[in-house]
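What's counted below: heavy atoms across the whole structure, side chains too, no hydrogens, waters or symmetry copies. Letters A, B, ... mirror the listed sequences (proteins, then strands); counts begin at 1.
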Number of protein chains: 2
Amino acid sequence: MSGPGSRLEWTDIRRDLLARIQTGVWKPGDSIPREVELAAQYGCTRSTVGRALRDLATAGFLERRRKGGTTVSANPVRKAPLEVPIIADAIRKSGKVASYRLLTCHIGMPPRVVSARLGLGPAGAVMFVAALYLADGVPHQLEHRWLVPAAMPGLEAEVLERTPVDEWLLHNAPLTRATIEIEAIDAPKAVADALQMPVGGAALLVTRQSWRQAQVIGLLQLYHAPGVKLSTAI
Amino acid sequence: MSGPGSRLEWTDIRRDLLARIQTGVWKPGDSIPREVELAAQYGCTRSTVGRALRDLATAGFLERRRKGGTTVSANPVRKAPLEVPIIADAIRKSGKVASYRLLTCHIGMPPRVVSARLGLGPAGAVMFVAALYLADGVPHQLEHRWLVPAAMPGLEAEVLERTPVDEWLLHNAPLTRATIEIEAIDAPKAVADALQMPVGGAALLVTRQSWRQAQVIGLLQLYHAPGVKLSTAI
DNA sequence: CAGTGGTCTAGACCACTAG
DNA sequence: TAGTGGTCTAGACCACTGA
């Protein structure tokens, strides 16, 4: 059976297996055939079905265990990839003109909440940067950054007059790890003014803390103007 | 060179390559050696370095082209995996007791905005479901769903009295594709009352539209109580 | 202990694409 | 057209883990 038409690729097998899952041929919790059997069915080697199975497993559709075999996930946890782009790029991609304004840039003591999160002692001064990104001249996103100077040699206020902070950091102080939190807050006055929105209105706040290896780089707070949405897809 | 100590695995090679990128041995835009050369350097086969390279490419660190070779991404776009969990599971995972209340469940005409997004004609009635999820008895998340009845045979209000909507759907009307939008809104009265928060306060709104193949399943709006955050990490 | 997935090797052919 | 990555095969050994 299965005329040798043209050779099967692992994506073909992936598609076929996924169809069996999504159409209910294999139900959540079911065990599916071993790699060797599937390989025989598809007329290919174990490596090839293995690649398809592995891919479905990392996507959350299958669970695999040595000796236990492969089963269909009972509660597939889908993951939506949320992109962390260069802001100017994102604005341009939506067909608008991106511009940038540096609001503040100085070294000083951060609020306690911030220094606590950054794990800094009471004497730890950091650089504070406030910047505004505009789309077609309209405020799009306000960002507050607290940056640990030790982690970024060569950062000067002058540089940030011309280069958006995020781009400078990406090329000069790349992160290796970051945590991200997304929440809605009532816009305080400073935020509302910058984004030209009413005080107390709903703003989307993205807080990101980043590290390079074990070294804390800094804390970033992004405030999005009303109407701005984060989008993704599964 | 490179004493054969113990055999290298592809994750070892991945780690080593990533280190070369992150420490700046290879800078953004640089071309890196061909697979064959790397294989020789690491003393393994092309398949093994290939797997490491492929993985770094899908993670956004490398860009690969046939004949063009492999280069370090100039603007690495990091992707943060945002999980879409069963709500009760998420609540339990945070160490709290999850409970659920069905508020409304009836068939009728949806608001115009909704029927437009669902691609329904003016005669398209849908099922509307409002439900509240609580953590330790405190309102955690309110959800409004508009579900196309054709896509979900067997859905009855009675069922939803006992089973959380999201779990029922996961097992009975699995989605194959979804779009997700995240934004902050001023809570309207209905939302504010359900979440026990002030009217006009900031609420986090997640809107999700889902399909099974080409068939629209429905539209979901999740309102998160103040203080609730979506978290992820890179 | 035995069975399953995880990994590697050595080789081959092919698809794409830069020059 | 020639060089690169993408894929497959056939075989092997090993790590984990359920019975």
Side-chain angles (χ1 to χ4, degrees), chain A residues 1-18 20-21 26 28-74 76-77, chain B residues 1-18 20-21 26 28-74 76-77:
Chain A
M1 4 274 159
S2 79
S6 70
R7 187 117 101 285
L8 282 180
E9 302 214 337
W10 72 271
T11 52
D12 300 323
I13 298 179
R14 190 202 131 108
R15 190 172 19 254
D16 189 67
L17 293 170
L18 184 54
R20 294 202 214 178
I21 296 169
W26 292 326
D30 283 1
S31 270
I32 77 173
R34 316 189 310 275
E35 286 194 350
V36 209
E37 279 183 36
L38 289 172
Q41 289 180 22
Y42 287 112
C44 64
T45 49
R46 189 163 79 90
S47 330
T48 305
V49 293
R51 178 143 180 208
L53 289 167
R54 187 194 319 147
D55 196 74
L56 289 170
T58 54
F61 293 105
L62 294 177
E63 286 167 16
R64 318 193 71 192
R65 281 148 108 176
R66 282 151 153 143
K67 166 87 180 187
T70 302
T71 59
V72 179
S73 301
V77 176
Chain B
M1 6 275 151
S2 78
S6 70
R7 190 125 95 277
L8 282 181
E9 302 213 337
W10 72 272
T11 51
D12 300 323
I13 299 180
R14 189 202 131 109
R15 190 174 18 256
D16 189 67
L17 293 171
L18 184 54
R20 294 202 214 178
I21 297 169
W26 292 326
D30 284 1
S31 271
I32 76 172
R34 315 190 309 276
E35 286 193 350
V36 209
E37 279 184 36
L38 290 172
Q41 290 181 22
Y42 286 112
C44 65
T45 49
R46 189 161 79 89
S47 330
T48 304
V49 294
R51 178 146 180 204
L53 290 167
R54 186 196 319 146
D55 195 75
L56 290 170
T58 55
F61 293 106
L62 295 176
E63 287 167 16
R64 317 193 69 191
R65 279 200 231 149
R66 281 151 154 144
K67 167 84 180 187
T70 302
T71 59
V72 179
S73 300
V77 176

| Can you check whether Thr70(A) has a side-chain N or O nearer than 4.0 Å to OP1 or OP2 of dG5(C)? |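 Checking Thr70(A) against dG5(C): at least one side-chain N or O falls below 4.0 Å of OP1 or OP2.
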| request: Could you check Gly69(B) against Leu8(A) and say which one's nearest nucleotide on DNA chain D is further toward the 5' end? | output: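 Per heavy-atom nearest nucleotide, the more 5' residue is Gly69(B).
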Residue list, side-chain hydrogen bond (donor to acceptor under 3.5 Å, both in side chains) with [X], at least two apart or on another chain:
{"X": "Thr11(A)", "answer": "none"}
{"X": "Asp12(A)", "answer": "Arg15(A)"}
{"X": "Arg51(A)", "answer": "none"}

Quickly work out the [X] [atom1] to [N] [atom2] distance and round it to whole Å.
{"X": "Ile32(A)", "N": "dT4(C)", "atom1": "CD1", "atom2": "C1'", "result": "13 Å"}
{"X": "Asp12(B)", "N": "dG6(C)", "atom1": "CG", "atom2": "C1'", "result": "14 Å"}
{"X": "Arg51(B)", "N": "dC8(C)", "atom1": "CZ", "atom2": "P", "result": "7 Å"}
{"X": "Arg34(A)", "N": "dT4(C)", "atom1": "CZ", "atom2": "P", "result": "4 Å"}

| message | Can you pull out the residues from residues 52-64 of chain A that lie within a 4.0 Å heavy-atom distance of DNA chain C? | response |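 Arg64(A), in order of number.
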| Watson-Crick or G-U stems involving DNA chain C, each at least 3 pairs long, distances under 3.5 Å, ordered by first number |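 If one scans DNA chain C for consecutive Watson-Crick or G-U pairs, the stems found are C:1-18 with D:1-18.
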| Glu37(B): salt bridge (charged side-chain N to carboxylate O under 4.0 Å, His left out) partners, not counting sequence neighbours |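 For Glu37(B) the salt bridge (charged side-chain N to carboxylate O under 4.0 Å, His left out) partners, ignoring immediate neighbours, are Arg34(B).
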| request: Could I get the full list of salt bridge (charged side-chain N to carboxylate O under 4.0 Å, His left out) partners for Arg54(B), not counting sequence neighbours? | output: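 Result, salt bridge (charged side-chain N to carboxylate O under 4.0 Å, His left out) vs Arg54(B): none returned.
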| message | Walk along nucleotides 11-19 of chain D from 5' to 3' and tag each nucleotide B, S or - by protein heavy-atom contact under 4.0 Å, base first, then sugar-phosphate. | response | -B--BBBB-
With sequence neighbours left out, write down each residue that passes side chain to side chain contact (heavy atoms under 4.5 Å, CB included) with [X], or none if nothing qualifies.
{"X": "Ser73(A)", "answer": "Glu63(A), Pro76(A)"}
{"X": "Arg65(B)", "answer": "none"}
{"X": "Ala57(A)", "answer": "Leu62(A), Arg64(A)"}
{"X": "Thr45(B)", "answer": "Ser47(B), Thr48(B)"}

| said: Quick check: do Trp26(A) and Thr71(A) have side-chain heavy atoms less than 4.5 Å from each other? | reply: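 Not in contact.
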| message | Applying side chain to side chain contact (heavy atoms under 4.5 Å, CB included) to Phe61(A) and Val72(A), what does each step give before you reach the verdict? | response | CA-CA 6 Å; Phe61(A) 293 105; Val72(A) 179; over 6 Å; no
| Taking the side chain of Glu9(B) as its heavy atoms from C-beta onward, which of dG5(C), dT7(C), dG5(D) lies nearest to it? |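 Among dG5(C), dT7(C), dG5(D), the one nearest the side chain of Glu9(B) is dT7(C).
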